[in-house]
**Q** 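A single structure is presented below for examination.
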Amino acid sequence: WENFDLISIPQAYAAEEAAYREFVYNNYLYVDDETRMALQSLIKSLGLDFDGVPTTEQKVAAIQKLRKMFSSEFKYDLNRKTAPDGKNKIVYFLTEGDKRGICGDFAGAGTILLRLLGIPARRCDGFFVKTASGKRTPVTTQNGHAWTEVYFDNIGWVTVEFTVASPADNNDDQTVAKTGWIILDT
């Protein structure tokens with residue numbers, strides 16, 4: 001501990017965060033040209049036009065606008081129509097389909113739309129289970145879930161839930177809010 005220097009910790013962290021931020025911006029903004037062209041008019045209709053790298057406030061505004069779009073125009077439906085073979089699944093979900101989807105559809109679409117706005121985002125897949133201390137909790141495919149994570153400079157990855165409440169939740173968006181996910185309310 002005698003060589004431990006509290007002064008250099010913030011400087012070292014800042015240098016590491018800057019390097020990681022560069023990695024994030026180089027790897028989590030990619031959208032293929034076909035998808036970019038197909039969603040160009042949707043992006044324009046959102047009215048979110050950023051000059052340069054979006055600020056934290058602009059990122060939050062974009063997330064809120066997308067959450068509002070999904071909750072007002074889309075439905076959660078396990079029996080949704082999927083994209084025909086050869087069609088881009090995200091473009092189909094957002095522009096051609098019946099606007100019904102599952103968590104993977106919402107997470108994928110939200111991630112791509114954020115990237116098109118210049119906001120680093122990634123789709124995550126995992127499991128969501130309610131647990132009780134000291135008890136075994138079975139995990140099945142029924143517990144599968146997908147969500148989006150958004151990168152905020154100097155903070156890191158923040159979980160954002162774009163999936164609208166399922167019919168089992170009585171379309172109550174508060175059900176999602178009670179799960180413990182970080183949600184930026186509209």
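The first residue of the sequence shown is numbered 1, and numbering continues consecutively from there.
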**Q** Let me confirm one number: the CG-NZ distance from Leu48 to Lys59, rounded to the nearest 0.5 Å.
**A**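 Between Leu48 CG and Lys59 NZ, I get 14.0 Å after rounding to 0.5 Å.
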**Q** In this structure, would Met37 and Leu116 fall into the same cluster of hydrophobic residues linked by side-chain contacts under 4.5 Å?
**A**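 Result: no, two separate clusters.
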**Q** For residues Arg115 and Asn27, report the shortest heavy-atom separation together with the two atoms involved.
**A**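 Smallest heavy-atom distance, with atoms named: NH2-O, 4.4 Å.
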**Q** Does Leu113 belong to the same Ile/Leu/Val/Met/Phe/Trp/Tyr cluster as Phe152, with side-chain heavy atoms less than 4.5 Å apart forming each link?
**A**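 Result: yes, single cluster for both.
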**Q** Taking the side chain as every heavy atom from C-beta outward, state whether Ile63 and Leu66 have any pair of such atoms under 4.5 Å apart.
**A**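 Not in contact.
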**Q** If you look only at pairs with a residue in residues 81-114, which of them pass as a ring pair (Phe, Tyr, Trp, His ring centres under 6.0 Å), with sequence neighbours excluded?
**A**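 Pairs touching residues 81-114 that pass the test: Phe70-Phe106, Phe74-Phe93, Phe93-Phe106.
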**Q** Would you compute the distance between atom OG1 of Thr131 and atom NZ of Lys135 and round it to the nearest 0.5 angstrom?
**A**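 Separation between the atoms: 11.0 Å.
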**Q** Apply side-chain contact (heavy atoms from CB on, under 4.5 Å) to Lys89 and Thr82, showing your working.
**A** CA-CA 7 Å; Lys89 292 176 184 179; Thr82 57; over 6 Å; no
**Q** Considering only Ile, Leu, Val, Met, Phe, Trp and Tyr, and joining two whenever side-chain heavy atoms are under 4.5 Å apart, list the other residues clustered with Tyr28.
**A**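 Other cluster members: Tyr20, Phe23, Val24, Tyr25, Leu29, Val53, Tyr151, Trp157.
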**Q** Looking at every non-hydrogen atom in both residues, tell me the closest pair between Thr148 and Ala121 and how far apart they are.
**A**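 That would be CG2-CB, 4.2 Å.
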**Q** To the nearest 0.5 Å, what is the distance between CG on Asp125 and NE2 on His145?
**A**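 Rounded to the nearest 0.5 Å, the CG-NE2 separation comes out at 9.5 Å.
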**Q** Would you mind reporting whether Glu149 and Leu114 have side-chain heavy atoms less than 4.5 Å apart?
**A**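 With C-beta onward as the side chain, the pair stays apart.
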**Q** If you count the non-hydrogen atoms of other residues, nucleotides and ligands that lie under 6.0 Å from CD in Gln142, is the total more than 12?
**A**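 Not more than 12 within 6.0 Å, no.
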**Q** Please check if Ile119 and Ile155 belong to a single hydrophobic cluster, counting links between Ile, Leu, Val, Met, Phe, Trp and Tyr side chain heavy atoms closer than 4.5 Å.
**A**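 Ile119 and Ile155: one cluster.
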**Q** Could you tell me whether the side chain of Gln58 and the main chain of Thr55 form a donor-acceptor pair under 3.5 Å?
**A**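 The answer is yes, because a donor-acceptor pair under 3.5 Å joins these two groups.
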**Q** Working to the nearest 0.5 Å, report the span between CZ of Arg80 and CG of Asp105.
**A**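 Arg80 atom CZ to Asp105 atom CG measures 4.5 Å (nearest 0.5 Å).
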**Q** To the nearest 0.5 Å, what is the distance between CZ (Arg122) and OG1 (Thr111)?
**A**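 Arg122 atom CZ to Thr111 atom OG1 measures 10.0 Å (nearest 0.5 Å).
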**Q** Run the side-chain contact (heavy atoms from CB on, under 4.5 Å) check on Val91 and Glu96 step by step: do they pass?
**A** CA-CA 7 Å; Val91 172; Glu96 300 174 43; 4.0 Å; yes
**Q** Could you tell me which non-hydrogen atom of Gly118 sits nearest to which non-hydrogen atom of Pro54, and how far apart they are?
**A**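 Closest approach of Gly118 to Pro54: O-CD, 3.4 Å.
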**Q** Taking Arg123 for the side chain and Ala146 for the main chain, is one N or O donor matched with an acceptor at less than 3.5 Å?
**A**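 A pair under 3.5 Å: no.
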**Q** Would you kindly say whether Thr163 and Glu161 are connected by a side-chain donor-acceptor distance under 3.5 Å?
**A**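 Short answer, yes.
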**Q** Yes or no on side-chain contact (heavy atoms from CB on, under 4.5 Å) for Thr140 and Asn143, after CA distance, side-chain angles and deciding distance?
**A** CA-CA 5 Å; Thr140 69; Asn143 301 109; 3.4 Å; yes
**Q** Is a side-chain N or O of Ser71 found less than 3.5 angstrom from the main chain of Arg67, in a donor-acceptor match?
**A**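 Answer holds: yes.
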**Q** So if you build clusters from Ile, Leu, Val, Met, Phe, Trp, Tyr with side-chain heavy-atom gaps below 4.5 Å, do Tyr30 and Leu94 land together?
**A**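 No, it is not one cluster - the side chains of Tyr30 and Leu94 are not joined through contacts under 4.5 Å.
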**Q** If I take atom NZ from residue Lys99 and atom CD from residue Glu73, how far apart are they, to the nearest 0.5 angstrom?
**A**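 One gets 4.5 Å once the value is rounded to the nearest 0.5 Å.
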**Q** Does Asn154 have any side chain to side chain donor-acceptor pair (under 3.5 Å) partners at least two apart in sequence or in another chain, and if so, which?
**A**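 Checked Asn154 against side chain to side chain donor-acceptor pair (under 3.5 Å); matches are Arg21.
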